[in-house]
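Accompanying notes for the structure given below.
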Protein chains: 2
Amino acid sequence: MATIHDVARAASVAPSTVSRHINGHSVRQSEAIERAIEELGFRASASARNLRKGSTQVIAMIVPDIQNPYYAATVAGAEEVGRENGLRLVLCNTDEDIELEKAVLRDIVGRVDGVILVPASERSSTALFEAPSAIPLVLMDRETLGPRRFDTVTIDNFRGGTLAAQHLLDLGHRDVAIITGPLTASQSSARERGFLETFAAARFVVPERFIERGNFREDGGYQAALNILSAADRPSALFVINNMMSMGALRAIGHLGIKVPDNLSLLCFDQLPCEGVISPRISTIRRPMQEQGAMAMRLLVTRLRAGDREHEPRTLTLPVELSIAASTQRLAGGGDRGGSYTAA
Amino acid sequence: MATIHDVARAASVAPSTVSRHINGHSVRQSEAIERAIEELGFRASASARNLRKGSTQVIAMIVPDIQNPYYAATVAGAEEVGRENGLRLVLCNTDEDIELEKAVLRDIVGRVDGVILVPASERSSTALFEAPSAIPLVLMDRETLGPRRFDTVTIDNFRGGTLAAQHLLDLGHRDVAIITGPLTASQSSARERGFLETFAAARFVVPERFIERGNFREDGGYQAALNILSAADRPSALFVINNMMSMGALRAIGHLGIKVPDNLSLLCFDQLPCEGVISPRISTIRRPMQEQGAMAMRLLVTRLRAGDREHEPRTLTLPVELSIAASTQRLAGGGDRGGSYTAA
DNA sequence: CGAGAAAGTGAAACCGATTTGAGTTGATCA
DNA sequence: TGATCAACTCAAATCGGTTTCACTTTCTCG
């Protein structure tokens, strides 16, 4: 590989002049340099540049599950804002695995200028970002324990839970079940609290057997839904706390031959991958996904620009809304339209 | 940030000794060094190490659409093989955009030891990888024009097309439509050829108006399906060439109130995101997705190990198979089971 | 025209690790 | 004890760019 020295020699100038040319300064011999670059097929070494400049213009986004379309949407938002600011985005997967996450963080720090992290758990290790000289970290969606606070873009998870509960209450549901996530995931526990507390406030208690914990993935939702729905006394409504587990729940509902919404009202959190394709449409709690990623990147850019650790970490909380469709129905209300999820 | 020199001073040894310790050589003062590293919070600079070593232990995988679960699955396969070989995988998105792809490649080359690329088009620029000194490139799924050949992991796309056609022929379908991709995408055109030629061989010609080209994405599939299915004379069967466009087609089918398989047999390529959730189950052409990613990474590792450009580029072609479900039905055959995609 | 400012240049230092080459230390064996 | 060899160690060179500093050239304007 040709180096900047080769180019300099070919163009009869000093390496520093070539460097200046590359970096947009005006240079007298620019045509000769350009020609030499072309002929030698010169590409500046990223490592050398990074080393000297101390920056890479790359941001890493670390998510627990790239298969989840929610993350894909946030990535799109972050990518766009990054592009506007001359930053490249790379993506890493942690499979909801806190050990893998730790390894990824260790490997990636030092190769990028900043990180957007969706923590696998509230116990995720942010130690690498706690030193004052560390690169900036923005958390998304979930929060972490630990001594230091970071910029965070979250949504009003608690309100999402209350909206869901209130909707089901309004429809007359009293025996409701919830499929939620591990206790260590702050976003699902907030949704869960919002849901349970709203029911409690209405003097209805969700019994233990109607609270199942899954792993946020399709198989977890499937298993949890089977547990809840194959018992003798079934709830009249089910709230599933994220989209992938909702997919699993839908599969279980199909296997069990349960009709939605006639035999069960179903309410999910986040847009489903199958949206638009199944019938009846699913009622969901929604949030601005793309915007969430964009916001995370904006916070990061601000930190990078400012270079200051001065101002306090900011937490942005985006709103959620209830999107009512056909999967939730008034309890014992006669309406009979709506399809079936029965297995073929 | 502490450097290796700071550690060396704190431990009263030379920087080179610290370096050796870090890299696993036996060193007398290892405890003192370890203590110094701990105290100073030392992390070796990736840039400096990359510059000196000329390698990064990172592989980039560049895909046209991270929202597509097919890619997510291949990523998982590649990631695992990478991990076994001490390589970290980062992911970049190109949105099926050849210009963006070019920019991503330019930025990423020099930061990684190798690239797995799913080209956005056969005209994708692989120029950066053509020099003998360039880092290795493995192509996945699609092939590119251009002077040099690269290691490639593909599937038997042509056979996928013929399997699809033969299945529909066997069921008695004669008036069939196909939703395919741009002419510049080799994988879809191979599937398309397999499909059309098989019909032609059976002396049935698929008319132009039954051949629609989409952009591989949900909206493209929706539009294409609308075009084909809202005409007066509809085909009795539809073959959709990839999963995301299949989702769009399903949505269109729902909007138009067409019953599958009673009024239309539907056959798709690749597993759908909504699989397991909708009814009737969709007949599909399938392939080993995870294995495909794993193979790509193995080819890359081989190149990296060998360091040789000697042996010819290899092309691995993985098999496809037909998975028959309820969405394809014998033409005019009475069977009446199977659900409906009617919009709620 | 000449002073002063502006623009451009090259040599050398620098970023922070690894590697080389030339010792130094310590153990082993005759 | 002295020779031989293995195991370590250090100073210096190196990777390939960018930046600084001191200097030269060119432009501007009274």
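What you see is a predicted model, and the numbers here were worked out from it, not measured in a lab.
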Taking atom [atom2] of [N] as reference, at what distance in whole Å does atom [atom1] of [X] sit?
{"X": "H25(B)", "N": "dA17(C)", "atom1": "NE2", "atom2": "C1'", "result": "14 Å"}
{"X": "M1(A)", "N": "dG16(D)", "atom1": "CE", "atom2": "C1'", "result": "11 Å"}
{"X": "R9(A)", "N": "dA11(C)", "atom1": "CZ", "atom2": "P", "result": "13 Å"}
{"X": "H21(B)", "N": "dC8(D)", "atom1": "NE2", "atom2": "P", "result": "13 Å"}
{"X": "D6(B)", "N": "dA17(C)", "atom1": "CG", "atom2": "C1'", "result": "13 Å"}

Counting any heavy atom closer than 4.0 Å, what does [X] reach on the DNA or RNA strands: base, sugar-phosphate only, or nothing?
{"X": "H5(A)", "value": "base"}
{"X": "N50(A)", "value": "nothing"}
{"X": "S45(A)", "value": "sugar-phosphate"}
{"X": "S47(B)", "value": "nothing"}
{"X": "V18(A)", "value": "nothing"}

>> With side chain to side chain donor-acceptor pair (under 3.5 Å) as the test, pick out the partner of D151(A) among R303(A), R298(A), R314(A).
In response: R303(A)
> Would you say dG16(D) has OP1 or OP2 under 4.0 Å from some side-chain N or O of T3(A)?
Replying inline: no
> With respect to the phosphate group of dG10(C), does any side-chain polar atom (N or O) of T17(A) fall under 4.0 Å of OP1 or OP2?
Replying inline: yes
>> Any non-hydrogen side-chain atom of M297(A) less than 4.5 Å from a side-chain atom of L89(A)?
In response: yes
> Any side-chain heavy atom of I59(A) sitting closer than 4.5 Å to one from L300(A)?
Replying inline: yes
>> Looking only at side-chain N and O atoms, does T56(A) offer a donor or acceptor that is under 3.5 Å from a partner on D113(A)?
In response: yes
> Does a donor on one side chain and an acceptor on the other come within less than 3.5 Å for Q292(A) and Y70(A)?
Replying inline: yes
Selection from [options] that lies nearest to any side-chain heavy atom of [X]:
{"X": "I4(A)", "options": "dG10(C), dG17(D), dG16(C)", "result": "dG17(D)"}
{"X": "Q29(B)", "options": "dG17(D), dG10(C), dT9(D)", "result": "dT9(D)"}
{"X": "N23(B)", "options": "dT19(D), dT18(C), dA11(C)", "result": "dT18(C)"}
{"X": "R49(A)", "options": "dA17(C), dT18(D), dG21(C)", "result": "dT18(D)"}
{"X": "R52(B)", "options": "dT20(C), dC15(C), dA17(C)", "result": "dA17(C)"}
{"X": "S26(A)", "options": "dT9(C), dG17(D), dA7(C)", "result": "dA7(C)"}

> Less than 3.5 Å between a donor and an acceptor, one on the side chain of R20(A) and one on the base of dG10(C), is that the case here?
Replying inline: yes
> Any donor-acceptor pair under 3.5 Å joining the side chain of R28(B) to the base of dC8(D)?
Replying inline: no
